[in-house]
There are 2 protein chains.
Amino acid sequence: MENTRLSRKEREYLRHRQEILKVALKLFSGKGFHNVSMHEIATASEFAVGTLYKFFSNKEALYSALMIDASKAFHSSLMAALATSGNEMEKIRACVEAKIKVFTENLDYVRLYLSETRTASFNIKAGLDIDIKVRYEEFLEKLARVFESGIKKRLFKAFDPYLLAVALDGISNALLFQHIEHSDAHPFDADLIVNIFFQQIYKEGETRDE
Amino acid sequence: MENTRLSRKEREYLRHRQEILKVALKLFSGKGFHNVSMHEIATASEFAVGTLYKFFSNKEALYSALMIDASKAFHSSLMAALATSGNEMEKIRACVEAKIKVFTENLDYVRLYLSETRTASFNIKAGLDIDIKVRYEEFLEKLARVFESGIKKRLFKAFDPYLLAVALDGISNALLFQHIEHSDAHPFDADLIVNIFFQQIYKEGETRDE
DNA sequence: ATACCTTGTGAACCGTCCGTCACCATATGA
DNA sequence: TCATATGGTGACGGACGGTTCACAAGGTAT
């Protein structure tokens, strides 16, 4: 009975915390960190300003909690996909599919996550940056190792595996971004990304210079 | 003599304006719009705060001037490359080379430009966003039309030309970014980008699902 | 019923920063 | 030499927004 009550309270606490995060996410992703005030978050989440500070020590901590969550979710999802059983090609396909899934299911996160991943040490102070960068780097490394073993097996041509990882990630991001912003115009899916990336586009052998 | 003196003054004026922009660029690109104060720019450029407002009506206008400049420079350079004489393949190669050149020569701009191009309607108010987006879109369209005519000539496989443009741009950005941040580790150049993008990476025909 | 504690409140405080404006200094022209 | 204009100055006003803290409300234990 005691533990039940305690956990009720804890659940309340977490529910409230979640509610704040949810509202903050929507606001941050819409207007950016600096253009959202704590008062705004307070009003939108139907708490008082002071209450926010019972959950998060300051604005940046609130933002960090958000980013860390997103980063972890993305990371674990992509890593899981790369650990799929199957050959290198299938792993990569699974990875792209996972990415599409995570992205489209968490549009609000995506904006924040991408803007953070992309913009070096911009917006926010260090610490958070580092945390996210590390996770992202870990993912790229793992993807690179998949390419590497694929190259060893002669499945793929022998480019620098890390750069292949960067390139694939770059293509996926660009196409996903494009799709998010102008969803109607150009239909696309995982196959498209994979095909554009892996299939021979240029038909003649004349890639040579002059 | 009168016009000479007048133009001297004008030149002074423009030199000062340039100086301010140069300093502001360095600061903005290092710390982001919101983390740079007008006082900081004033001190760094060795002018008084009030003087800045003789050149730019407010902080945003100063920032805009910067972004517009960068955007125009990038745009004209890339468009020129795409207008190169030669077949579609050569145009695209020229475009990638131009991009590498512009990027590496204007690293400070790149951070601002990319973060602006990428992050939708973040950071700064509208107007500027629109201006930049329009130019960027124009570039993508032109690139897409190059792909399109390449496809018609059976040079390239028949993917959606616009998506190919997005994809190539995405790859270039990703690799360039990677190179800017960890320049030592993985050597790269225009050929690498073009090759990764255009050559067949996946060797077997088994891109099929299960 | 009373003391107590936890959760929530929001007015007020304080620092930061944008933008202004009255005021120099230099130079140009009379 | 004096008047005027122009480029430049920087202390200051005012607004905004993050953070605090004294207090309220509601539940819990004694």
Side-chain angles (χ1 to χ4, degrees), chain A residues 1-25 27-28 30-67 123-125 127-128, chain B residues 1-24 27-28 30-67 122-125 127-128:
Chain A
M1 187 183 168
E2 278 217 56
N3 50 3
T4 324
R5 201 174 61 241
L6 211 69
S7 96
R8 229 266 307 274
K9 276 206 173 180
E10 285 211 335
R11 249 185 275 159
E12 280 289 287
Y13 175 86
L14 288 179
R15 280 169 47 80
H16 289 177
R17 194 187 138 98
Q18 271 314 110
E19 178 61 23
I20 293 171
L21 284 174
K22 185 179 138 196
V23 168
L25 168 62
L27 288 173
F28 282 141
K31 318 203 295 177
F33 181 75
H34 289 284
N35 299 318
V36 175
S37 73
M38 288 300 265
H39 283 80
E40 224 173 324
I41 299 174
T43 313
S45 64
E46 293 174 282
F47 284 107
V49 193
T51 310
L52 300 186
Y53 286 86
K54 293 279 162 70
F55 290 88
F56 307 96
S57 60
N58 54 42
K59 191 185 175 185
E60 209 175 297
L62 168 52
Y63 185 79
S64 291
L66 224 45
M67 295 305 303
N123 309 323
I124 312 305
K125 289 267 174 188
L128 173 58
Chain B
M1 186 182 169
E2 278 218 55
N3 52 0
T4 323
R5 201 174 60 240
L6 212 68
S7 96
R8 231 264 310 275
K9 278 206 170 178
E10 285 210 339
R11 250 186 275 160
E12 281 289 286
Y13 175 86
L14 287 179
R15 280 169 47 81
H16 290 175
R17 194 187 138 99
Q18 270 316 108
E19 178 62 23
I20 294 172
L21 285 174
K22 185 179 139 196
V23 167
L27 288 172
F28 281 140
K31 317 204 294 177
F33 180 76
H34 289 284
N35 299 318
V36 175
S37 73
M38 288 302 265
H39 280 80
E40 224 174 325
I41 299 174
T43 313
S45 64
E46 293 173 282
F47 285 107
V49 192
T51 310
L52 301 186
Y53 288 88
K54 293 278 165 71
F55 290 88
F56 307 96
S57 60
N58 55 42
K59 190 184 177 186
E60 211 175 295
L62 168 51
Y63 185 80
S64 290
L66 225 44
M67 295 306 303
F122 272 34
N123 309 323
I124 312 305
K125 289 269 175 182
L128 173 57

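Chain letters run A, B, ... following the sequence lines, proteins first and then strands; every chain starts at 1. Since we're looking at a predicted model, the values are computed, not measured.
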>> In this structure, how many angstroms lie between the P atom of D:dG18 and the CE atom of A:Met38, rounded?
In response: 7 Å
>> I need the CG-P distance between B:Leu62 and C:dC18, as an integer number of Å.
In response: 11 Å
>> According to salt bridge (Lys or Arg N to Asp or Glu O under 4.0 Å), does anything in residues 41-50 of chain B pair up with another residue at least two apart or in another chain? List the pairs.
In response: none
>> What is the separation between atom OH on B:Tyr63 and atom C1' on C:dG19, rounded to the nearest whole Å?
In response: 20 Å
> Who are the ring-ring contact (aromatic ring centres under 6.0 Å, His included) partners of B:Tyr53, not counting sequence neighbours?
Replying inline: none
> For residues 47-57 of chain B, which residue pairs qualify under salt bridge (Lys or Arg N to Asp or Glu O under 4.0 Å), counting only residues two or more places apart or in two chains?
Replying inline: none
> Any idea which heavy atoms bring A:Phe56 and A:Ala65 closest together, and the distance?
Replying inline: CE2-CB, 3.9 Å
All N/O donor-acceptor pairs, side-chain side in residues 38-45 of chain A, below 3.5 Å, sequence neighbours left out:
from	atom 1	to	atom 2	distance (Å)
A:Glu40	OE1	A:Ser37	N	3.3
A:Glu40	OE2	A:Lys31	NZ	2.5
A:Thr43	OG1	A:His39	O	2.7
A:Ser45	OG	A:Ile41	O	2.8
A:Ser45	OG	A:Ala42	O	3.3

>> Rounded to whole Å, please give me the gap between CD in A:Glu10 and C1' in D:dG27.
In response: 17 Å
>> Among residues at least two apart in sequence or on other chains, which ones pass salt bridge (charged side-chain N to carboxylate O under 4.0 Å, His left out) with B:Glu19?
In response: none
Sub-3.5 Å pairs of nitrogen or oxygen atoms, protein against nucleotides 8-12 of chain C:
from	atom 1	to	atom 2	distance (Å)
C:dG8	OP1	A:His16	ND1	2.7
C:dG8	N7	A:Lys54	NZ	2.7
C:dG8	O6	A:Lys54	NZ	3.4
C:dT9	OP2	A:Ala48	N	2.9
C:dT9	OP2	A:Thr51	OG1	2.8
C:dG10	N7	A:Gly50	N	3.3

>> Using whole Å, what does the distance between atom C1' of nucleotide D:dC21 and atom OH of A:Tyr53 come to?
In response: 13 Å
>> How many whole angstroms separate atom CZ of A:Phe56 from atom P of D:dT19?
In response: 13 Å
> Expressed in angstrom and rounded to an integer, what is the separation of B:Glu40 atom CD from C:dT16 atom C1'?
Replying inline: 12 Å
> How close or far is atom C1' of D:dG17 from atom NE2 of B:His34, stated in whole angstroms?
Replying inline: 13 Å
